[in-house]
Every structure is written in structure tokens, then in C-alpha cells.
Amino acid sequence: MFDARQVAFIMRLVRIFPNFNRLAVLLLTLFIWVGCGPKRVKESGDKRMKTPGGLAYIMHHDEPGTPAELGDVLVLQMKYGTGDTVLFDTRLNRRPVYLQCTNPSFRGGLEEGLTLLSAGDTATFFLSADSVFNRMFRQPLPPGVNLGAELRFELAVQDVRNEERDLQAYLRNQAIDDLPRPSGLYVISLGKGNGAPVREGATVTLHYAATLVDGTEFDNTRKRSDPFVFTKGSRVLIDGLEEGVGLLRQGDKARLVIPSYLAFAEKGNYGGLVPPFSTVVYEVEVVGVK
């Protein structure tokens with residue numbers, strides 16, 4: 001319908017021209033509604049807002065839900081570039097990005113915008129290219145991007161995750177009440193052996209089944225009939241597996257619950273089967289120690 005300014009304008013016409021034909025007033029009213037209405041809506045919809053830190057953004061779709069908090073990980077389809085130049089687009093490699101909500105790397109940084117978003121939201125954020133590349137990416141500006149150019153980040157949130165919440169849910173579901181080691185690694189005994197202990201420099205033969213906390217399996221040495229052989233201390237294993245196996249002896253079986261910072265961290269692995277910031281679970285058996 002009409003806004004207050006349009007109504008006031010029509011009433012002034014009626015007062016100024018008391019004999020004005022009603023049909024003419026109706027046509028004029030229709031003209032105002034068609035000519036002005038959509039334009040004002042578009043202008044309002046395109047208006048940029050700002051965070052307290054000064055990050056400019058447009059919220060295109062705001063899905064009801066709890067916004068992300070520090071420590072949460074957003075699973076995003078993301079595209080960014082300057083003007084018509086696209087520098088990055090997740091749809092080209094058909095894989096989303098995982099961004100963790102952290103304290104901003106600079107005032108008005110993209111991290112401020114992440115805490116506005118929940119699953120299903122879409123938004124565009126506007127930042128200075130030199131601030132992003134120099135202070136966030138810590139790399140020089142790419143060719144063709146000028147100092148002070150505006151970068152547009154178009155984000156679509158597929159999911160919001162939290163590794164610690166997922167880990168605690170897994171421990172509850174599995175009725176695990178063991179305390180973690182100082183590193184954060186959980187070691188749950190599944191059977192004791194009586195062979196030689198795993199020491200630095202020993203050649204170890206290991207079978208394992210590796211899953212995410214939701215049960216998704218991403219590796220299994222028994223299924224491929226290929227035990228993993230390595231030298232303890234050679235650092236070929238992820239940190240949590242290296243630490244956990246070092247506590248065992250030949251014949252031992254154990255479940256190792258390994259937080260992402262002792263596993264594949266922010267990069268993930270196995271061609272995307274292990275997403276970034278994922279706790280992993282290894283059920284291991286020490287087959288041999290030499």
C-alpha cells in the first residue's frame with residue numbers, strides 16, 4: 001500500500017482541487033503506487049547495514065535459528081571477487097568451505113559477519129581487498145586487484161557445527177566416562193595383550209578402523225587386507241594416533257577418540273570424507289611390535 005508521504009500528497013491534491021474528478025484522482029493514485037512503490041522497496045532491500053565493527057553487509061535471507069557463536073564451524077557455499085571478477089567460488093570444485101567463528105583478525109573483518117548467520121542464511125559482505133589479503137589471508141594482493149578495491153563475499157550457510165558439542169554427544173551415546181589425557185585424547189581399552197610394548201624406534205604393525213563421530217567410516221585396514229606398518233617416532237601418523245599407539249603393547253586393542261587438533265585440523269582429509277574440524281575415532285589393534 002501507500003506510505004505516509006504518498007497519502008499526504010494525495011490529500012493535498014484533493015484539498016487544492018476540490019472539484020477534481022474522482023477518476024483522475026484514482027488514476028493519479030495508481031500512477032504513484034506503480035511508479036514509486038517498487039522502486040522504494042528495491043532501494044530499501046539494497047541498503048547496506050553495518051556491524052558494530054563497521055563491516056558492511058546485506059542479509060538476503062534470514063532463516064530463523066540461533067546465530068553462530070565463537071568456536072562454531074559454518075559449512076558454506078562461498079564466492080568472492082571484485083566487481084565482475086570472481087576470485088573464488090566453491091561451486092567450481094563442488095565442495096563447501098568450513099570457516100570457524102573466531103575473534104576478528106581486524107576490526108570489521110569477515111569473522112564479525114559469521115556470528116550473524118545461522119543455517120539457511122544467505123548474505124553478502126563487503127570488505128577492503130587489501131585488508132582481507134594482507135591481514136586475513138596474509139598474502140599479497142592477486143594480479144588485477146587494486147589496493148583499496150572492494151571485495152564482495154557471497155555466503156550461503158548449509159550448516160552450523162560445533163566439534164565440542166558433537167564430541168560430548170558421542171561420549172554420551174557411547175556411555176564413555178573415561179577422562180581424556182592432558183592432550184585431549186581419549187584412550188578406551190577394548191582388550192589387553194601381553195606382547196612387547198610400543199617404544200620409540202620399534203616397527204609396529206597395526207590394524208585399524210577409522211570413523212567420524214557420526215559413524216561414517218573413512219578407512220579400514222582389515223577391509224583392504226593391508227595392515228599399516230610404521231616406525232614409532234617417524235611422525236607418519238596423526239598426532240593422536242601416534243600418542244595413543246605409544247601407550248599400547250602387542251596384542252592390545254583400543255578405541256582412540258582424537259580431537260581435530262590432534263588429527264586433520266582445519267584441512268580435513270581423505271578427499272573430503274573427513275571434513276575440517278572433525279573429531280575422528282580409531283579402533284586399533286597392535287598386531288606386531290619388533
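Just so you know, these numbers come straight off a predicted model, no measurement behind them.
- Applying the side-chain hydrogen bond (donor to acceptor under 3.5 Å, both in side chains) criterion to S234, with sequence neighbours excluded, gives no partner residue.
- Clustering ILVMFWY residues whenever any of their side-chain heavy atoms sit less than 4.5 angstrom apart, transitively, puts L76 in a cluster other than the one holding L92.
- Membership of the apolar cluster around V73 extends to V75, Y98, F277, as traced through chained side-chain contacts below 4.5 Å between ILVMFWY residues.
- The salt bridge (charged side-chain N to carboxylate O under 4.0 Å, His left out) test applied to R181 returns E243, not counting sequence neighbours.
- Annotation: the span from L151 atom CG to T82 atom OG1 amounts to 6.5 Å, rounded to 0.5 Å.
- Other residues sharing a hydrophobic cluster with L70 under the 4.5 Å side-chain heavy-atom criterion for ILVMFWY residues do not exist; the residue is a singleton.
- By the side-chain hydrogen bond (donor to acceptor under 3.5 Å, both in side chains) test, N146 is found to be paired with no residue, residues two or more places apart in sequence or in another chain being considered.
- With sequence neighbours excluded, no residue forms a side-chain hydrogen bond (donor to acceptor under 3.5 Å, both in side chains) with R107.
- Legend: salt bridge (Lys or Arg N to Asp or Glu O under 4.0 Å) pairs involving residues 271-290, not counting sequence neighbours, sorted by first then second residue: R222-E285, R255-E283.
- Side-chain atoms of E163 and T279 include a donor-acceptor pair closer than 3.5 Å.
- Here the rule is side chain to side chain donor-acceptor pair (under 3.5 Å) with T124, and of K79, H60, R152 only H60 fits it.
- The side-chain hydrogen bond (donor to acceptor under 3.5 Å, both in side chains) search around Y282 returns none, not counting sequence neighbours.
- Salt bridge absent: K223 and D219 never bring a charged side-chain N and a carboxylate O closer than 4.0 Å.
- For F228, the ring-ring contact (aromatic ring centres under 6.0 Å, His included) partners two or more places apart in sequence, or in a different chain, are F230.
- Here E164 pairs with nothing under the salt bridge (charged side-chain N to carboxylate O under 4.0 Å, His left out) rule; sequence neighbours left out.
- In this structure the side chain of L117 reaches within 4.5 angstrom of the side chain of M59, judged on heavy atoms.
- Of all non-hydrogen atoms in L212 and L273, the two that sit nearest each other are CD1-O, 3.6 Å.
- Shown here are the ring-ring contact (aromatic ring centres under 6.0 Å, His included) partners of F88, two or more places apart in sequence or in another chain: Y80.
- Atom CG of N194 has 12 or fewer heavy atoms from other residues, nucleotides or ligands within 6.0 Å.
- Side-chain contacts under 4.5 Å among hydrophobic residues (ILVMFWY), followed directly or transitively, place V86 with no other residue at all.
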